[in-house]
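Have a look at the structure below before the remarks.
Source: prediction; values computed, not measured. Residues take their numbers from the sequence shown, with the count starting at 1. Indexing begins at 1, ligand by ligand and atom by atom, following the structure's order.
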Amino acid sequence: MHNSSRRLTLRTLASLGLMSAGGLTTLARAAAAGGITPGADSALIVVDVQNCFIPGGTLPVNKGDEIVPIINDLAKKFENVVITQDWHTPGHASFASTHPGKKPFETTKMFYGTQVLWPDHCIQGTDDAALQKDLDIPHAQLVIRKGYHRAVDSYSAFKEADRKTDTGLAGYLKARRIKTVYVAGLATDFCVAWTALDARAAGFNAFVIEDACRGIDLNGSVAAAWKSMRAKGVKRVQSTEFA
Ligand code: VGL
Ligand code: ZN
């Protein structure tokens, strides 16, 4: 859709009361254009589609491989795509192996709060940390890495777990005049959710494309993630809603 007709449509929808605080309601957006049509001010953020999170990797997400073709199709509908990579040092603080007596999926207290301890995963430069080989997004504009500070984890592509250290992604997106982000990838309840929540906190409209994500689900963490995302205005959509 051209910018002018898009503006007109938005104004019409606003006058009909179909605009929500976070932008168009999903329904209105889909109805306006016969499906979601991301424009120049939208970006797809593809989170951590890396070997480590795919069955056969070091921290496999159940059925994580199923989202690769879905994301490849979605990415073709976006002018702007950003890819993230979990990118840990050896001996990273988020690894259970770094904490004597701790096992994967237990928690510990860090200086910034409670941290889930994971199997060693996504170590910088390893094949485990590489993007899954069938991910096919040649037009992706930025690959942003996170979790590279040894003492601090970063589920979010925007802000590290100390909740202070910025990755630079918000500044990049703002400089590119991106207003709306769509998030897909792994894992729904960790890096996807934290990225979507921080997108909202940074002032972006944020959508999570549910069927283009898979979760780890520790003690109901997928349901809890959707609950907190909904509370913060993150919208849930499906890949089938795109034009
Ligand atoms: C992730 C756990 C640890 C994720 C990354 O990508 O969701 N989860 N590191
Ligand atoms: Zn990690």
Side-chain angles (χ1 to χ4, degrees), residues 44-68 71 82-99 102-108 110 112-132 135 143-163 165 167 169 181-199 206 208-226 228-229 234:
L44 176 65
I45 305 179
V46 177
V47 175
D48 297 4
V49 182
Q50 295 165 267
N51 293 328
C52 34
F53 300 115
I54 301 285
T58 49
L59 177 42
V61 180
N62 194 23
K63 303 185 174 180
D65 50 327
E66 291 181 356
I67 66 172
V68 174
I71 289 176
V82 171
I83 292 175
T84 77
Q85 273 180 305
D86 211 35
W87 200 250
H88 298 311
T89 61
H92 192 260
S94 74
F95 298 169
S97 64
T98 302
H99 304 265
K102 288 289 189 181
K103 290 200 241 353
F105 310 106
E106 293 178 353
T107 61
T108 194
M110 305 281 215
Y112 51 76
T114 302
Q115 169 74 48
V116 179
L117 295 171
W118 304 104
D120 291 25
H121 66 280
C122 290
I123 294 178
Q124 297 167 3
T126 62
D127 185 58
D128 191 56
L131 296 173
Q132 204 277 346
L135 195 68
V143 178
I144 188 153
R145 291 166 169 172
K146 61 185 178 62
Y148 45 72
H149 288 126
R150 192 182 178 283
V152 188
D153 203 3
S154 192
Y155 297 144
S156 164
F158 289 93
K159 244 184 219 318
E160 297 187 5
D162 62 2
R163 304 282 77 206
T165 309
T167 64
L169 180 57
V181 300
Y182 292 83
V183 188
L186 303 169
T188 316
D189 38 348
F190 291 93
C191 293
V192 168
W194 283 62
T195 296
L197 287 166
D198 279 355
V208 170
I209 309 168
E210 184 175 21
D211 61 317
C213 301
R214 292 291 182 276
I216 295 174
D217 211 10
L218 298 178
N219 309 310
S221 54
V222 169
W226 282 115
S228 44
M229 288 192 282
V234 176

Testing T188, D189, N62 for side chain to side chain contact (heavy atoms under 4.5 Å, CB included) with I216, which one passes?
-> D189
Please determine which of V61, V46, T84 meets the side chain to side chain contact (heavy atoms under 4.5 Å, CB included) test together with L186.
-> V61
With sequence neighbours left out, write down each residue that passes side-chain hydrogen bond (donor to acceptor under 3.5 Å, both in side chains) with D162, or none if nothing qualifies.
-> T165
Considering only heavy atoms from C-beta outward, does the side chain of S154 approach that of H149 to under 4.5 Å?
-> no
Kindly say whether the aromatic ring centers of H92 and Y148 come within a distance under 6.0 Å.
-> no
Atoms of type N/O/S from protein, distance to the Zn ion (ligand 2) below 2.8 Å | 3
N/O pairs closer than 3.5 Å, ligand 1 and protein:
residue  : atom  : partner : partner atom : Å
ligand 1 : 6 (O) : D48     : OD2          : 2.7
ligand 1 : 6 (O) : L186    : O            : 3.3
ligand 1 : 7 (O) : A187    : N            : 3.0
ligand 1 : 7 (O) : C191    : N            : 3.0
ligand 1 : 9 (N) : D86     : OD2          : 3.0
ligand 1 : 9 (N) : H121    : NE2          : 3.1

Distance only, no hydrogens: is a donor on one side chain within 3.5 Å (strictly under) of an acceptor on the other, for Q50 and D86?
-> no
F190 to L218 - nearest heavy-atom pair and separation | CZ-CD1, 4.0 Å
Minimal non-hydrogen separation, C191 against K146, with atom names = SG-NZ, 3.3 Å
Sequence neighbours left out, what passes side chain to side chain contact (heavy atoms under 4.5 Å, CB included) with P104? Give chain and number order.
-> A96, P119
